[in-house]
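Proteins get letters first, then strands, A, B, ... in listed order; numbering begins at 1 in each.
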Amino acid sequence: MREMKKDTFPVEEAIPSVMQALGHRGTGVLVAEPGAGKTTRVPLACIQEEWLGEKKILLLVPRRVAAKSAAHFMAAQRGEQVGDTVGYRIRLEQKISDRTRVEVVTTGVMLRMMQQDPTLDQYGLVIFDEFHERTLDGDLALGLIWDVRQVLREDLRILVMSATIAAEAVSELLGGAPVIRSLGRTYPVDRKYVPGPGTCDKELLDLIGQQIDQAYRTHTGDILVFLPGMKELKYVQQQLNVRYPLELGEGVLRCYLLHSSLSIEEQSLALKRCAAGTRKIVLATSIAETSVTIDGIQVVIDSGWVRKPQFSPRTGLSQLITTRISKAAADQRAGRAGRQGAGLCYRLWNEEMHHALNAYDEPEIRHADLISFTLELAWWGLQDASGLSLLDQPSSSAMIQARELLHLLGATDDQGKITEHGKDLAALGIHPRLSHMLLSALSRGWNVHEACDVAVVLQHQSHFSGGSYMTLHEIIKAFQDGPDERTYSQFRAESLRLQQQLTIKGLYEQEYEQKKSQISYDYGMLAAMAFPDRVAKNRGDGTFLLRSGRGAALARTDRLQHAPFLVAIQVEMGKTTSSIRLAEEVKEKQLLDMFEQQITSVCRVRWDEEKGKITGRLQQHLGAMVLSDTPVPLDQLSSERIVEAVYEYVTTGGIEQLSWNKKSRQLQQRIQFMHAHDPRWPDVSDEGLLKRGREWWEVQLDGLTNLQQLKQINVWELLQSTLDWEQSRRLETEAPVDFEVPSGSRIRIDYSDPDQPVMAVKLQELFGLSQTPTLGSHRIPVTLHLLSPAMRPVQITRDLKSFWEQTYFEVRKDLKGKYPKHPWPDHPMEAQATRRTKAAMEKSKDGLLKRK
DNA sequence: CTCTCCCT
């Protein structure tokens with residue numbers, strides 16, 4: 001009987017190659033599609049192998065149910081009880097004996113086991129099942145075990161079992177491990193595309209309703225419908241109630257929902273095969289893709305959408321998004337119709353859309369919260385994952401976020417190394433936030449029983465919040481006064497187990513029993529211990545500012561609306577603001593006490609733009625939150641801080657506030673002209689001045705407290721002070737304010753373009769000057785803008801001599817008629833320069849003669 | 001306004 005059953009597994013043919021790979025190379029990758037029998041046949045086949053000796057086999061599976069069912073299956077094949085040759089170990093539950101050679105464990109349990117026994121000495125082979133699911137734990141476990149094999153345990157064999165997708169990459173990761181392929185054993189599923197709208201909305205759901213109806217009338221088997229979430233499940237269920245009132249009433253048709261928030265009893269109704277003469281329609285989320293198997297399904301109707309969280313490392317929060325599924329997920333869903341016979345799958349999208357789908361889901365390591373992962377690495381002495389063999393490295397921003405939080409929890413020191421406290425957190429096997437909360441509560445002598453309840457409730461938040469917003473206090477009450485003994489029995493067991501663990505580790509001593517009566521329990525403080533990064537201050541309008549600087553509003557208005565401070569336990573990110581779904585009030589005094597080390601007192605001295613003067617405030621900060629804020633009188637502020645504040649004001653856009661005038665702007669440009677041709681001269685452009693640095697500015701701004709005083713700063717002197725004595729002397733000759741032309745006028749030079757200083761002057765005032773005036777040590781000719789007597793530009797030149805010799809005569813032709821009263825001599829280089837008319841010149845000549 | 005799934 002046993003022999004016959006064995007032969008029916010397709011994987012049998014591949015087993016000799018697997019044994020050869022493990023025997024010779026010590027590693028292997030077994031690729032087998034569903035139904036091959038790999039999970040149950042391969043471990044049993046390895047037991048007799050010589051290389052295993054007396055050592056045991058570890059079979060790692062991603063889920064608890066998978067561990068139990070695999071162990072039962074294997075035990076049955078050997079005609080034994082679970083716990084004999086084959087046993088399992090999952091959270092809160094184990095069936096293992098001295099005789100056990102194959103231990104089926106969830107990956108999470110195995111990571112705990114490795115903390116006790118890092119080299120896994122009792123085991124000779126580790127098998128990874130369903131590795132293609134690429135769970136965070138699975139990736140980490142393979143990385144660590146490969147490392148152990150490389151460094152300490154050459155004899156530790158590794159077999160990775162996976163669907164096709166990850167095989168080649170895993171083989172490469174394991175140094176070229178042989179890849180063995182086995183056929184699967186599933187029935188054909190005919191895939192039909194039924195184009196729907198491009199969004200997941202009512203239109204799509206109505207179309208799905210019609211598709212269900214069509215399948216119900218044209219086929220005989222049960223129908224499984226994949227939808228993204230509870231909202232959609234209920235909508236379609238309502239449609240079915242309207243469409244099949246009679247059938248549902250008589251019980252010949254049943255409609256079940258499959259969602260993780262439903263109780264185990266409710267879920268198992270959907271999984272069972274129906275009685276003869278009865279059919280079922282199961283409306284499910286992605287839970288039905290892998291976690292459960294449903295009997296009797298012949299038709300799958302796939303919406304093509306999935307709802308999942310998107311973690312943002314920047315905020316440390318996540319957001320639920322509804323997206324298209326991957327091709328791999330679509331095949332997985334279709335496959336659910338082919339487990340017991342030929343099936344049919346309707347896909348609510350077209351073939352073109354299908355090609356546009358992602359091939360696979362992104363592995364968890366690329367988008368998950370990495371806090372536990374990073375603590376685990378720290379336990380192994382690793383600062384990050386770069387030293388580990390991983391198919392995908394985690395994103396660095398998520399690693400940074402995780403490291404920051406671990407440091408905040410005291411799990412790591414300033415160098416990122418794990419602390420003793422961190423080791424205690426890692427050993428407890430719950431989220432580091434929650435283990436920190438427990439240990440902090442215990443160190444304060446609080447009631448351990450209560451704290452463990454809070455930890456368990458927070459661990460399973462979604463089971464309690466049930467959509468409607470509640471405070472932590474309300475949830476704990478709901479848990480403790482639960483409807484009946486059974487409903488929360490699993491969670492009660494977890495709470496008890498935590499208490500035992502704490503006692504065993506000696507982390508918790510019974511002394512609280514004596515203090516119990518004196519300690520008033522405080523959920524706000526507990527929440528703040530677990531979520532120190534999520535304390536928030538009321539902005540006064542019922543919205544809150546998180547310590548991280550992010551704003552958030554209560555998802556439902558209630559008494560917390562008026563709480564000055566709270567801890568946002570569960571926050572969902574929205575597009576503009578975040579909404580707080582679960583919170584608890586915390587008192588300011590408690591924050592001051594708990595976060596004493598992290599609160600920074602800042603004396604904020606700043607330039608108050610409105611008042612036009614320096615003001616000082618003493619603020620206590622916790623991250624972006626201001627806990628207290630009191631004014632400090634000016635005379636109590638140190639002069640340094642005052643200068644600092646003025647400096648900050650001036651250097652952040654206030655340089656315009658200085659009393660600039662024409663003269664100082666020109667001085668600035670003159671120095672810039674020198675600087676442009678010789679970088680040894682200072683850069684005194686607005687930007688250049690700002691770059692002069694704090695020390696220099698502090699000297700200039702010393703003693704200032706208000707706008708009037710700022711306006712009194714002599715900018716001209718400030719600019720001069722950037723020059724040494726030699727430079728100020730040279731500035732006067734090489735970049736003078738003005739130039740005395742032959743007529744006696746002093747003409748201002750425009751330095752606004754340092755490459756081309758300009759002097760605009762009436763042509764007649766330059767008679768007798770044959771060379772263009774030059775500036776700077778490089779003798780750069782001034783650009784002359786020659787003007788008509790009416791001050792209109794006539795010519796631009798940098799070569800006065802050639803102007804007199806040539807262009808002058810052309811210009812004269814045009815202008816002589818227009819300005820006959822002004823001199824237009826034949827020999828301009830010898831003529832008398834003047835700013836006047838000919839008549840005025842005569843007069844003044846007369847005057848001169850008379851005086852003589 | 002209305003929460004996917006899994007694990008220590």
Side-chain angles (χ1 to χ4, degrees), chain A residues 60-67 89-94 105-116 130 133-141 200 226-235 258-262 267 284-292 303 305-311 317-323 325 329 332 361-364 367-369 371-373 375-376 379 425-435 438 455-456 459-470 490 494 497-498 501 553-558 570-574 577 579-582:
Chain A
L60 304 182
V61 296
R63 281 171 294 279
R64 310 176 74 219
V65 280
R89 227 191 265 261
I90 58 180
R91 175 175 44 120
L92 300 179
E93 211 178 317
Q94 67 171 50
V105 305
T106 45
T107 321
V109 166
M110 193 279 264
L111 289 170
R112 283 290 89 61
M113 286 165 62
M114 282 185 86
Q115 288 182 356
Q116 305 295 316
E130 312 276 14
E133 288 189 16
R134 298 295 311 281
T135 63
L136 184 55
D137 277 354
D139 277 5
L140 175 60
C200 184
F226 281 100
L227 296 162
M230 188 53 107
K231 191 170 60 178
E232 290 82 3
L233 296 184
K234 290 205 165 145
Y235 182 85
L258 209 45
H259 188 281
S260 72
S261 68
L262 301 174
Q267 289 189 36
T285 60
S286 52
I287 190 171
E289 257 173 51
T290 51
S291 306
V292 295
S303 67
W305 294 89
V306 63
R307 188 162 295 136
K308 58 184 177 185
Q310 188 172 267
F311 179 74
L317 303 175
S318 53
Q319 184 181 13
L320 272 179
I321 52 165
T322 309
T323 57
I325 58 172
Q332 186 70 31
D361 288 314
E362 190 180 53
E364 211 181 351
H367 62 245
D369 171 342
I371 293 161
S372 293
F373 175 84
L375 180 59
E376 201 81 31
W379 194 92
L425 298 190
L428 274 174
I430 49 178
H431 194 288
R433 288 182 184 276
L434 301 178
S435 41
L438 275 183
V456 170
Q459 184 98 333
H460 301 278
Q461 280 172 48
S462 52
H463 289 267
F464 296 94
S465 45
S468 68
Y469 169 79
M470 288 196 273
Q490 160 89 25
E494 281 185 43
R497 163 59 72 94
L498 274 176
Q501 272 181 285
L554 293 168
R556 264 181 48 173
T557 55
D558 67 0
Q570 198 176 34
V571 188
E572 195 186 313
M573 274 200 313
T577 54
S579 73
I580 301 170
R581 297 196 180 286
L582 180 63

*Asks:* Any donor-acceptor pair under 3.5 Å joining the side chain of A/Glu289 to the base of B/dC5?
*Replies:*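 No pair found.
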
*Asks:* Does A/Arg91 contact B/dT8 through a side-chain donor or acceptor facing the base, at a distance under 3.5 Å?
*Replies:*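 It does not, because no donor-acceptor pair links the side chain of A/Arg91 to the base of B/dT8 below 3.5 Å.
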
*Asks:* By nearest atom, which of the nucleotides B/dT4, B/dC6, B/dT8 is closest to the A/Pro309 side chain?
*Replies:*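 Of B/dT4, B/dC6, B/dT8, B/dT4 is nearest to the side chain of A/Pro309.
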
*Asks:* Taking atom P of B/dC7 as reference, at what distance in whole Å does atom CZ of A/Arg89 sit?
*Replies:*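 That distance rounds to 17 Å.
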
*Asks:* So, does A/His259 get its side chain near the phosphate of B/dT4, meaning an N or O under 4.0 Å from OP1 or OP2?
*Replies:*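 Yes, such a contact exists.
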
*Asks:* As a test of reading the structure: which of B/dC6, B/dT4, B/dT8 is closest to the side chain of A/Ile287, going by heavy atoms?
*Replies:*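 Given the options B/dC6, B/dT4, B/dT8, the side chain of A/Ile287 is closest to B/dC6.
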
*Asks:* Both A/Ser579 and A/Ala426 contact DNA chain B. Taking the nearest nucleotide for each, which residue is further toward the 5' end?
*Replies:*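 Looking at DNA chain B, the more 5' nearest nucleotide goes with A/Ser579.
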
*Asks:* Considering residues at least two apart in sequence or located in another chain, which fulfil the side chain to side chain donor-acceptor pair (under 3.5 Å) criterion with A/Ser260?
*Replies:*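 Partners of A/Ser260 under the side chain to side chain donor-acceptor pair (under 3.5 Å) test: none.
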
*Asks:* Taking the side chain of A/Gln570 as heavy atoms from C-beta outward, which of B/dT4, B/dC7, B/dC3 is closest to it?
*Replies:*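 Looking only at heavy atoms from C-beta outward on A/Gln570, the closest nucleotide is B/dC3.
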
*Asks:* Side chain of A/Lys308, heavy atoms from C-beta onward: which of B/dT4, B/dC3, B/dC6 has the nearest atom to it?
*Replies:*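 Looking only at heavy atoms from C-beta outward on A/Lys308, the closest nucleotide is B/dT4.
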
*Asks:* Would you say A/Arg64 reaches B/dT8's phosphate, i.e. side-chain N/O to OP1/OP2 under 4.0 Å?
*Replies:*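 Yes, A/Arg64 has a side-chain N/O under 4.0 Å of OP1/OP2 on B/dT8.
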
*Asks:* So, A/Glu232 side chain and A/Gly229 main chain: donor-acceptor pair closer than 3.5 Å or not?
*Replies:*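 It does hold such a pair.
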
*Asks:* Begin with the C-alpha distance, continue with both residues' side-chain angles, and end with the deciding distance and a verdict on side-chain contact (heavy atoms from CB on, under 4.5 Å) for A/Ile287 and A/His259.
*Replies:* CA-CA 7 Å; A/Ile287 190 171; A/His259 188 281; 6.0 Å; no

